[in-house]
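Heads up: the structure comes next, in structure tokens.
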Amino acid sequence: MTGKVYFIGAGPGDPELLTIKAKEIIARADVIVYAGSLVNKKILSYALKGARLVNSASRNLQEIASEIITAARQDLTVARIHSGDPSMYGAIAEQITILEKENIPCEVIPGVSSVFAAAASCAIEYTLPEVTQTLILTRRTGRTPVPEKESLSSLAGHQASMAIFLSIGMIEETVKDLMAGGYPSETPVVVVYRASWPDEKCVKGTLATIAAKVMEEGIKRQALILVGEAVGRRVAEPSKLYAPDFSHGYRVARKNVREGMAVVAITRRGWHTGRKILGAIDDAVLFLPAKFREEVQEPRVSFYRDAMHEIEQLFKQYKRIILIMATGIAVRAIAPLLTSKWEDPAVVTMDDAGRNIISLLAGHWGGANELAEKLTHITGGNPVITTESDVMGFPSIDVIIKTLTAGTVPHNPVRIKEVQAAILEDQSVGFYPRELGLFRDMHGHPNIYFFDTIEDLMKSRCSAGVIVTHKAACSIQTDKKIICIHPRNLTVGIGCHKGISAQEIKRGIEEVFAQMDLSLSSIAKICSIAPKKDEKGLCDYANQNNISLEVFTAQEISRVGTVSPGSSYVREAMGVEGVAEPCAMLGAFGGKLLVRKIKLTHMTVAVAEISLKEIIQNSGETGDE
Ligand code: SAH
């Protein structure tokens with residue numbers, strides 16, 4: 001017997017969504033049995049000229065089966081065409097059972113189900129990270145009963161994404177079942193009519209509004225009801241796959257890469273305050289309760305169902321968080337999430353009208369104090385700052401470290417606390433070098449002293465001290481409580497041969513730094529001449545060490561000139577006397593050259609210093625504003 005029966009998924013309607021395999025079988029079938037109501041008749045144009053075409057719509061199962069069996073027994077090829085994918089409501093199981101009994105070979109060719117065509121039409125992702133990872137495909141009980149344990153109301157309890165087939169004629173009952181099962185009335189619903197057909201429609205609403213909209217559109221059949229938070233999400237949470245803290249084969253996870261600002265409001269008045277903040281801060285996103293979904297027009301707004309859960313997600317993602325709600329609610333939400341002041345995001349709370357603006361978490365390191373101050377200009381409210389140093393006008397070691405190290409998390413937090421305590425207790429505390437006096441709040445404290453050398457500080461009667469130096473050796477034998485800060489203030493000028501590896505650059509820099517007793521943590525950037533801006537070794541070294549690569553034009557370099565004698569090789573190749581020295585100095589904003597050009601095998605290295613004054617003044621933390 002050479003006859004065979006193929007159960008073919010014809011896709012949702014658009015003939016171009018037919019698989020190549022399906023098209024090929026249709027093109028050689030002797031008999032084609034198709035579901036006339038849902039299958040696009042255009043695909044029949046691929047059929048053989050003399051093929052027998054049978055519309056199954058008007059026949060019962062027994063009639064269809066005998067048609068198919070007769071053909072197969074005559075060694076004919078039969079294509080039994082279903083809409084979408086035959087495994088969903090295709091009733092193929094019963095047909096296959098009959099054929100197997102008759103020993104007739106059959107095969108199933110999958111197709112694009114309407115559930116996926118509908119998602120495509122409306123650009124929906126059913127499985128949004130942090131929202132749901134589950135899609136339920138189901139139908140409401142109608143003429144065909146659905147087992148009680150899968151009733152819509154019991155499935156609704158999961159609040160996953162749901163695609164409901166064969167139920168559009170019962171939209172009101174469907175909505176009732178879903179709400180009875182636990183979906184809130186503001187849950188998004190999208191009804192997709194005739195997905196992928198020329199007359200397709202995408203009707204969007206919520207459980208509260210969708211039935212009326214469907215009636216208005218006159219949709220009674222051939223539509224899917226898609227339900228769930230993910231289905232209506234406007235600003236999706238970025239997928240874990242692209243998130244910077246997600247490790248996979250190509251990317252190495254970086255810790256603590258929170259970015260941007262999240263503003264969370266829970267009331268209508270809070271929403272209006274949030275809107276003001278959005279208008280003033282470009283990278284802010286506003287998160288509102290889902291019940292406002294229908295009213296909100298502006299971009300950069302996302303919706304949540306459960307405020308506590310939402311705040312938990314935002315806490316992991318955002319660098320700065322503004323919670324427009326009672327501080328008690330905010331505290332309850334973030335309490336289980338706290339790690340340390342070096343890692344936690346800045347959290348500011350405020351009342352609905354933005355009158356009292358409280359720096360709640362990570363005041364110094366996270367910048368919540370600064371943010372609270374900034375917000376007062378937006379809402380016209382008062383800042384509430386409770387970090388002792390700020391209230392008493394004492395310097396904050398955290399702010400000093402953060403400013404000088406560009407936010408590198410320190411590894412000696414206990415020591416930092418001790419020195420800060422000494423300052424707050426008015427013990428005598430020494431600072432080296434004198435430039436640190438430029439920090440805001442350094443002035444006017446009788447027990448704070450500045451020194452020109454580390455030795456002077458050590459000999460003094462100060463019980464604690466802060467030493468800021470790019471020298472590597474900073475472990476001083478003393479009973480004083482000392483913290484040593486390596487500021488990010490060195491620029492490394494590099495001239496190099498083409499094709500040099502990041503490894504060789506690293507070794508070269510380490511050699512020079514060891515020789516000169518400089519700390520590698522003090523490297524702020526590496527600098528070179530413009531044609532080197534894509535030199536792979538330089539770029540890789542910069543990326544691997546999380547520092548920037550800055551390049552300068554020959555013109556800029558010539559204006560600075562070199563300290564060491566020029567090189568004829570560089571003059572010919574680049575048109576300048578040298579690269580390493582002038583680039584290091586340019587990168588340091590004209591700062592002092594610390595290490596003159598050192599020649600290594602394939603590179604030259606010079607080091608310059610950005611003055612602390614420059615760094616402090618650019619940070620806005622100075623006292624002379
Ligand atoms: N096997 C098919 C489903 C057949 S049941 C599939 O995989 O898509 C028929 C139901 O499918 C219809 O009541 C409707 O809910 C849905 N449906 C089929 N084609 C559709 C289309 N193009 N657009 C929207 N819904 C469709």
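For ligands, and for the atoms within them, numbers begin at 1 and follow the listed sequence.
Looking only at heavy atoms of the protein, atom 5 (S) of ligand 1 is closest to Y89 CB, 3.7 Å. Looking at atom 3 (C) of ligand 1, its nearest protein heavy atom turns out to be M88 O, 3.6 Å. The closest protein non-hydrogen atom to atom 2 (C) of ligand 1 is S83 O, 3.3 Å. For atom 23 (N) of ligand 1, the closest non-hydrogen atom of the protein is A195 N, 2.8 Å. Looking from atom 17 (N) of ligand 1 to the surrounding protein, the closest heavy atom is S114 OG, 3.3 Å.
A donor atom on one side chain and an acceptor atom on the other are not found under 3.5 Å apart for R269 and H272. When only modelled atom types and interatomic distance are considered, T132 and S161 share no side-chain donor-acceptor pair under 3.5 Å.
Residue P12 places at least one N or O, backbone or side chain, under 3.5 Å from an N or O of ligand 1. An N or O contact shorter than 3.5 Å is missing between F165 and ligand 1 by distance.
In this structure, R194 is part of the shell of residues with a heavy atom less than 4.0 angstrom from ligand 1.
Listed by number with element, the atoms of ligand 1 under 4.0 angstrom from any heavy atom of L224 are 15 (O), 24 (C), 25 (N). Those atoms of ligand 1 that come under 4.0 Å of a heavy atom in V192, given as number and element, are 24 (C). Near S113, meaning under 4.0 Å from any of its heavy atoms, are these atoms of ligand 1: 6 (C), 7 (O), 8 (O). Close approach to L38 involves these atoms of ligand 1, each under 4.0 Å from a residue heavy atom: 9 (C).
Atom-to-atom distance recorded for L207:CG and T187:OG1 is 5.0 Å, nearest 0.5 angstrom.
The aromatic rings of F116 and Y126 stand perpendicular to each other, their planes meeting at an angle above 60°, with 30° marking the opposite boundary.
Under 4.0 angstrom from ligand 1, there are no non-hydrogen atoms of H82. The residue I168 has no part lying near ligand 1, judged by heavy-atom distances below 4.0 Å. At a heavy-atom cutoff of 4.0 Å, ligand 1 is contacted by the backbone of A223 but not by its side chain.
Taking each heavy atom of S121 and A195 in turn, the nearest pair found is OG-CB, 4.0 Å.
Under the 3.5 Å distance criterion, the side-chain polar atoms of E102 are left unmatched by any main-chain donor or acceptor of I98. Side chain of N55 to backbone of G36: a donor-acceptor contact under 3.5 angstrom is found. No donor-acceptor distance shorter than 3.5 angstrom exists from the side chain of N40 to the backbone of D14, with no hydrogens or angles considered.
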